[in-house]
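First up is the structure itself, then whatever we jot down about it.
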Amino acid sequence: MTTPQHDNYINGQWVAGDKYSPNVNPSNTADVLGLYTQASAEQLDQAVQAARAAFPAWSVSGIQARADALDKIGNEILARREELGTLLAREEGKTRPEGIGEAARAGNIFKFFAGECLRLAGETLASVRPGIGIEVTREPLGVIGLITPWNFPIAIPAWKVAPALAYGNCVVLKPADLVPGCAWALADIISRSGIPAGVFNLVMGRGSVVGDALVNHAGIDAISFTGSQSVGGRIAQQCAANLKKVQLEMGGKNPQVVLDDADLGQAVELCVQSAFFSTGQRCTASSRLIVTEGIYPKFIEAMQARMAALKVGDALQAGIDIGPVSSQSQLAQDADYVSIGQQEGGTLLMGGERLSRDADGFYMAPALFTDTTMDMRINREEVFGPVASIIRVKDYEAALAVANDTPFGLSAGIATTSLKYATHFKRHSQAGMVMVNLPTAGVDYHVPFGGRKGSSYGPREQGRYAQEFFTTVKTAYTLA
Ligand code: NAD
């Protein structure tokens, strides 16, 4: 059987590239999902030119037509959530239920922004000069480059593409080269939605080649990026040099505080979920578990028991809690951090070793460190794998200080039965999203998503706040 080839989607056509790369299942490296092309420089240029040509008509197109197209895309994703979720699990390594949940989220995002097409509002104000009326309206930005990471291969493309199109922009999407399958499936669905040629374009390939060319293309008006801090920082500088609007969502080192008065079972469950589900490969994963002295011994004991029961295995196998790490290089990075944690004086309480399963995949036992301090690299740098460390603190005040002692600020959680501490933490946590008695990962699709400090730059994504980035404001004055 020949391996299926997948092409770029440019100006309403599927366009073959010069080169193709295999998309390999991290649960079983013998399983190749397909061959996915790499866009050439000419193809990237064609995609940008097609988007520019489509923009004048699309930017003034009727909101009913836009809403109908987005709703149709959302409906198809939801109807095919099991199939798309299975594809996602197979290419990224999330468990199949997690993959199906992510596909459903992508479908719901399109349906939410179908509604937002009809809700974009402006303001009418009186002028300080008598006889003049003022209207404040929002207009599309133009052609937007969308660059997405590998860890949410369908939800993140959805939460950038849907608002961009809803507000009348044209887009060129460059998904992570590790997981082009879900983005290709999304492009396939969009190609049948009635959206005119050139409004949506897909260019696949390497970040340093296709991504870099997209950021620096003169025909691109703005960039929405999700990925690592190092790449995001460079993109921000490139956009600033060319005066392009830019939005960055980056990494995290999210704290999960557990206070003496917490419900122990609940606290352990949410720590295990936040730290290790989706193999710890979530920007909102909590990798720093900050535990007060009174509950510390019971917490450690309960964590060990819960972690011992976790099943690591093939993402498509029923009953699995944690799939493989996404790639060989990510596995090597996770293993490096386990060694670094030990060299720095942390105690590796359990896990951290490579696991073998029936098929050859990138399996790792979830790792938990104790005796760690905030000066250790494992508590300062994003590992982006199933590696968490416990930091023991005296009381709530110390826990809050440690929680905020990080260059990141995406998500933060507290497990407590105290209204006083929960309320104080919500107000004083230096994170963009705060969770009380809930995992730091796992958010709704209709409300803003984003962080502070080194985790985010520019306006928030998702919900109606997405219009801050994907539109530009116009103030019009009329003499009556
Ligand atoms: P990455 O930065 O390596 O890559 C992200 C995207 O940028 C990919 O499409 C990649 O091909 C592209 N890219 C790489 N180099 C580029 C360059 N020089 N110019 C333009 N584009 C380039 O990140 P990753 O490994 O794919 O994803 C993991 C990271 O993403 C983690 O840091 C994680 O925390 C972060 N993340 C953040 C959020 C959020 O919303 N805050 C969500 C998911 C993931």
Side-chain angles (χ1 to χ4, degrees), residues 21 36 38-39 44 91-94 102 105 109 145-160 172-180 182-183 202-217 220 223-239 244 246-254 278-287 325-334 337 381-385 406-411 431-433 440-443 445 448-462 466 469:
S21 301
Y36 290 79
Q38 314 256 324
L44 173 71
E91 82 164 347
E92 196 268 348
K94 242 168 234 182
E102 186 183 328
R105 180 189 178 91
I109 287 169
L146 310 177
I147 300 179
T148 55
W150 50 259
N151 66 326
F152 283 94
I154 194 157
I156 295 182
W159 82 51
K160 294 186 189 297
V172 179
L173 168 65
K174 208 292 295 169
D177 40 341
L178 188 66
V179 291
C182 287
L202 173 76
V203 289
M204 297 178 284
R206 300 185 57 153
S208 54
V209 182
V210 184
D212 187 67
L214 183 61
V215 170
N216 291 301
H217 197 294
I220 291 289
I223 292 286
S224 177
F225 166 88
T226 300
S228 62
Q229 206 187 42
S230 58
V231 175
R234 188 172 335 130
I235 288 177
Q237 288 180 3
Q238 291 167 327
C239 287
K244 287 179 187 174
V246 64
Q247 170 184 62
L248 309 172
E249 283 301 336
M250 300 169 286
K253 196 71 205 170
N254 307 296
S278 297
T279 324
Q281 298 172 152
R282 293 185 285 195
C283 50
T284 47
S286 49
S287 46
V325 173
S326 63
S327 67
Q328 179 77 59
S329 61
Q330 188 64 46
L331 183 67
Q333 180 174 311
D334 296 348
Y337 272 108
E381 298 169 15
E382 185 184 49
V383 177
F384 216 56
T406 169
F408 296 101
L410 189 56
S411 176
M433 297 175 289
T440 53
V443 294
Y445 62 83
F449 177 98
R452 299 183 184 177
K453 300 198 257 184
S455 290
S456 298
Y457 183 80
R460 288 282 186 270
E461 296 202 89
Q462 302 192 61
F469 180 75

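As a basis for the values below, the full set of heavy atoms in this structure was taken, side chains included, without hydrogen atoms, waters or symmetry mates. Read the numbers this way: they start at 1 and go in the same order the structure lists the ligands and their atoms.
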Legend entry - Selection from P153, C283, G205 by shortest heavy-atom distance to atom 38 (C) of ligand 1: C283

Legend entry - atom 26 (O) of ligand 1: the protein heavy-atom neighbour that sits closest, reported with distance to 0.1 Å: W150 CD1, 3.1 Å

Legend entry - Sub-4.0 Å heavy-atom approach of P175 to ligand 1: yes

Inset, instruction - Give a yes/no on ligand 1: does L178 have at least one heavy atom closer than 4.0 angstrom to it? - result: no

Legend entry - Protein heavy atom at shortest distance from atom 2 (O) of ligand 1: S228 OG, 2.6 Å

Inset, instruction - Using a cut-off of 6.0 Å, state whether more than 12 heavy atoms not belonging to Y337 lie near its atom OH. - result: yes

Inset, instruction - Write out the residue and atom name of the closest protein heavy atom to atom 14 (C) of ligand 1, then the distance separating them to 0.1 Å. - result: G207 CA, 3.6 Å

Inset, instruction - Could you find the nearest protein heavy atom to atom 40 (O) of ligand 1 and give me its residue, atom name and distance? - result: F449 CE2, 3.0 Å

Inset, instruction - Using a distance threshold of 4.0 Å (strictly less than), state whether atom 32 (O) of ligand 1 has a protein heavy-atom neighbour. - result: yes

Inset, instruction - Do me a favour and list the nearest non-hydrogen protein atom to atom 41 (N) of ligand 1 with residue, atom name and distance? - result: M250 O, 2.8 Å

Inset, instruction - Below 4.0 angstrom from a heavy atom of G251, which ligand 1 atoms are there? Numbered from 1 as shown, please. - result: 32 (O), 34 (O)

Inset, instruction - Identify, for atom 8 (C) of ligand 1, the protein heavy atom at the shortest distance, and state residue, atom and that distance. - result: T148 O, 3.3 Å

Legend entry - Nearest neighbour in protein (non-hydrogen) for atom 28 (C) of ligand 1: F384 CE2, 3.5 Å

